[in-house]
Amino acid sequence: MAFTCIHTAAAACPNIVPRSSAARRNPKTPQIRKLKSQKYPTTPQPSPLSAGGEATTFTRLPPKDDFFIDSPPQSLAETIKLSESEPAVTRTRKFNKKGGGKSGVGLRNGEVKENLGLGYELYEVEDGSNTGNGGEISDFDYGKFELYEVNSDSEFENDDDFDDVEEEEILGFGSEGVEEEVIKEKEKGLPAVMRCFDSAKIYVKAGDGGNGVVAFRREKFVPFGGPSGGDGGRGGNVYVQVDGSMNSLLPFRKSLHFRAGRGAHGQGQKQSGAKGEEVVVKVPPGTVVREADGDILFELLHPGQKALLLHGGRGGRGNASFKSGMNKVPRIAENGEEGPEMWLELELKLVADVGIVGAPNAGKSTFLSVITAAQPAIANYPFTTLLPNLGVVSFDYEATMVVADLPGLLEGAHKGFGLGHEFLRHAERCSALVHVVDGSLEQPEYEFDAVRLELEMFSPELAEKPYVVVFNKMDLPEAYEKWPSFKERFKARGIEPYCMSAVTRDGTQEVIYSAYELVRKNMEAKEQEGTMGTLNLNHVADMVQKQRTAHISEFEISRDNATNAWHVDGAGLQRFVQMTNWRYIDSDRRFQHVLEACGVNKSLMKLGVKEGDTVIVGEMELVWHDSPNTSGPISKKKWASNSIN
Ligand SMILES: Nc1nc2c(ncn2[C@@H]2O[C@H](COP(=O)(O)OP(=O)(O)OP(=O)(O)O)[C@@H](O)[C@H]2O)c(=O)[nH]1
Ligand SMILES: [Mg+2]
């Protein structure tokens, strides 16, 4: 039995792994109305907390106009939430990426009070009476204003951050029929800078091995020098390494293909080729790496951690390696093995000890700014914070604590309102949460419950994390008055709330010490459990390598009834075919022999293969012949079946 090679099929990559899937408002300094100083009881304060020496603001935020609102300002949303009656905000909007209409806002019944960003501005509806504070933003009452927008042609021109979207949506809080549609539209409309901040999809490929060569030693006084073709070099490996200086996945927005170098080809005089260049993909601490549309491969938490992801392809052997007692003049050399490739999904979950959560405008960023050196944008409108901010609280040289200020949560976030649950995953790694409640609201307790519910909807584990509740804005009379009843109600629920004024810093230290206490307890518990051990981060490379080096005798044969062709599938055989260099005379004979030795011929005959049938092995298409003479004489017994390993 023998095969005649017809042609190589279209180049296919022998992947082990699937390759299927392939202004913002100007930051304003807090403008706080001057109030008569209010005295309220505070617990005696521990030694002064030194502000943290480090801070990270995640990314330069894009200009305000890059964002279009997907939820109304807080007070509007609140009105809607609390009344739960008619839809409070209705808007219809159309825009195109290029030259389309923009979501702008026109003047209506009064002067522009404030540009909300996200494509909206606020206008006074009635008589502009809310100017009692000399235009100070802190007293701004959204309830007296209406949101509306006009079309213009320029805003989205040349803006690559937006997908081509033609959108017509109605924000009907309370009208269930349109909710799902709204959520879908929202996902599409998320500006790229926000999409890419904590998630990315990248392609990695290990280097191909270099080819082996056929060469013979020709030297004076060395008769019959013998084969001297060197082996190809191994392809470069792909690593993933944590870079402590990175804090987002935004760099992957520009570069998403990472290919290691191929090994150099072998040379005469038994010279092996050089190894291919390695590629190291740098990721921020807290990155979860998963196979595209697949399982989690590993999580990289600490700076310096390095995982071997893909081994480079093996270099092909030169003819010096094929010399044997039976064949002293081998005219055969292998191709280098192709390096494996893979699409990866990266997801960033911040590694912070404490997460500050709460409704929009509660004072979370203000709190972060007073306990650490971070300088997040602070302003009196909802969704000032669009991306998380990190800051480090330093107690002394030894004790530090990383605190993350997360974007505000609206009721209905699980349905996509506000920024939705977009950034909540960053709280998953925190040991404790600080719930900041805006004490100046009508029903601060209600706000707290809504945020808790959203946390539970996002992840029950997150909701189970220990937390501190802090009642903010105690310097405002309306908050100060509500504090006693708030405290009582929480005590009745078994929660000991704290109060503070983030702007005056009163009470902030108690909050931070109590959060630190929770973090410390969590650390102790972890140490006792022994869950802080080191992990083997090279298991992915090992797994891929194991699949690729499957033995050639592991194969399956199937018959395609439409074409009457026999398919012989097996990772080992596929690799063998790919590494066979058909330019050399002995390759064909070796190929025939391996098919015989690993049992392919026998299995085909058992299944009833007939003269002239097509047999496809890896990339090769062959024709079955009942007599062996088409490939020259083969002495079956004398060829080793494992010669490709
Ligand atoms: N009077 C008073 N105002 C405060 C206090 N804390 C925060 N504010 C004000 O409340 C407004 C909102 O503060 P931010 O810190 O931006 O609120 P936030 O929770 O980060 O809001 P988002 O980022 O939109 O979720 C700002 O105008 C702050 O100056 C406080 O203790 N007292
Ligand atoms: Mg904020």
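- Distance check, rounded to the nearest 0.5 Å: CG of D586 to NE2 of H593 gives 13.0 Å.
- Qualifying side chain to side chain contact (heavy atoms under 4.5 Å, CB included) partners for K465, counting only residues two or more places apart in sequence or in other chains: L433, L462.
- D613 and W566 share a side-chain donor-acceptor pair at under 3.5 Å.
- In this structure, the separation between CD1 on I557 and CZ on F555 is 5.0 Å, given to the nearest 0.5 Å.
- In this view, R259 satisfies the salt bridge (charged side-chain N to carboxylate O under 4.0 Å, His left out) rule with no residue, not counting sequence neighbours.
- To the nearest 0.5 Å, the span separating CG on L387 from NE2 on H426 amounts to 8.5 Å.
- With M246 as the partner, the side chain to side chain contact (heavy atoms under 4.5 Å, CB included) test is satisfied by one option alone out of D243, L249, L250: D243.
- Considering CD of E337 and NE2 of H311, their distance stands at 10.5 Å, rounded to 0.5 Å.
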- Task: Please test D231 against S321 for side-chain hydrogen bond (donor to acceptor under 3.5 Å, both in side chains), starting from the C-alpha separation and ending with a verdict.
- Result: CA-CA 8 Å; D231 301 342; S321 307; 2.9 Å; yes
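- Annotation for V238 and A260: closest pair CG2-CB, 4.3 Å, computed over non-hydrogen atoms.
- The existence of a salt bridge linking R234 and E278 is excluded, since no basic side-chain nitrogen approaches an acidic carboxylate oxygen closer than 4.0 Å.
- In terms of heavy atoms, A200 sits closest to F252 at CB-CB, 3.7 Å.
- Take D353 and apply the side chain to side chain contact (heavy atoms under 4.5 Å, CB included) test, not counting sequence neighbours, and it matches M401, V402, V519.
- Residues L310 and M342 have side chains in contact (heavy-atom distance under 4.5 Å, counting atoms from C-beta outward).
- The shortest side-chain heavy-atom distance between D569 and S558 falls under the 4.5 Å cut-off.
- Checked against side chain to side chain contact (heavy atoms under 4.5 Å, CB included), A463 has the following partners two or more places apart in sequence or in another chain: R452, L455, E456.
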- Output, in order, the C-alpha distance, side-chain angles, deciding distance and verdict of side chain to side chain contact (heavy atoms under 4.5 Å, CB included) for L344 and R290. CA-CA 6 Å; L344 295 176; R290 63 161 58 86; over 6 Å; no
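- Annotation for Q545: atom CD counts as buried by contact number, over 12 foreign heavy atoms lying within 6.0 Å.
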- Task: Test F322 against N327 for side chain to side chain contact (heavy atoms under 4.5 Å, CB included), laying out the working first.
- Result: CA-CA 8 Å; F322 284 93; N327 189 0; over 6 Å; no
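- Nearest heavy-atom pair, P227 versus A320, reported as atom, atom and distance to 0.1 Å: O-CB, 3.8 Å.
- Remark: K349 NZ is packed, more than 12 non-hydrogen atoms of other residues, nucleotides or ligands lying under 6.0 Å away.
- Closest approach of R425 to F458, counting heavy atoms only: N-CZ, 3.6 Å.
- Two residues are said to be in side-chain contact when any heavy atoms from C-beta on lie closer than 4.5 Å; K306 and L537 fail this criterion.
- Nearest approach of Q578 to N335, heavy atoms of both residues: O-ND2, 3.2 Å.
- Listed for the R429 side chain is a donor-acceptor partner under 3.5 Å among the backbone atoms of G286.
- Across all non-hydrogen atoms, the minimal contact from A541 to L308 is CB-O, 3.3 Å.
- Between the side chains of D405 and S365, at least one donor N or O lies within less than 3.5 Å of an accepting N or O.
- Between E334 and R590, at least one side-chain nitrogen of the basic residue sits less than 4.0 Å from a carboxylate oxygen of the acidic one, meeting the salt-bridge criterion.
- L406 has its side chain within reach of P388: a pair of non-hydrogen atoms, C-beta onward, lies under 4.5 Å apart.
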- Query: Could you go step by step and tell me if L604 and W624 meet the side chain to side chain contact (heavy atoms under 4.5 Å, CB included) rule?
  - Reply: CA-CA 10 Å; L604 281 169; W624 179 268; 4.0 Å; yes
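- Between the side chain of Q592 and the backbone N or O of R589, no donor-acceptor pair lies under 3.5 Å.
- The shortest distance between side-chain heavy atoms of N211 and R262 falls below 4.5 Å.
- For Q269, the side chain to side chain contact (heavy atoms under 4.5 Å, CB included) partners at least two apart in sequence or on another chain are Q271.
- In summary, the side chains of N601 and E596 do present a donor paired with an acceptor at a separation below 3.5 Å, with no hydrogens or angles considered.
- The aromatic rings of F591 and F576 lie parallel to each other, their planes meeting at an angle below 30°, with 60° marking the opposite boundary.
- Here the CG-CH2 distance, from D588 to W582, works out to 6.0 Å after rounding to the nearest 0.5 Å.
- A 6.0 Å sphere centred on NZ of K546 holds no more than 12 heavy atoms belonging to other residues, nucleotides or ligands.
- L368 places a side-chain heavy atom less than 4.5 Å from the side chain of I356.
- Within the model, atoms CG of L573 and SG of C598 stand 5.0 Å from one another, a figure rounded to the nearest 0.5 Å.
- Residues passing the side-chain hydrogen bond (donor to acceptor under 3.5 Å, both in side chains) test with S324, sequence neighbours excluded: none.
- In this structure, the side chains of M620 and Q574 stay at 4.5 Å or more apart for every pair of heavy atoms.
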- Step by step, work out the side chain to side chain contact (heavy atoms under 4.5 Å, CB included) result for I202 and F258. CA-CA 8 Å; I202 61 167; F258 297 86; 4.1 Å; yes
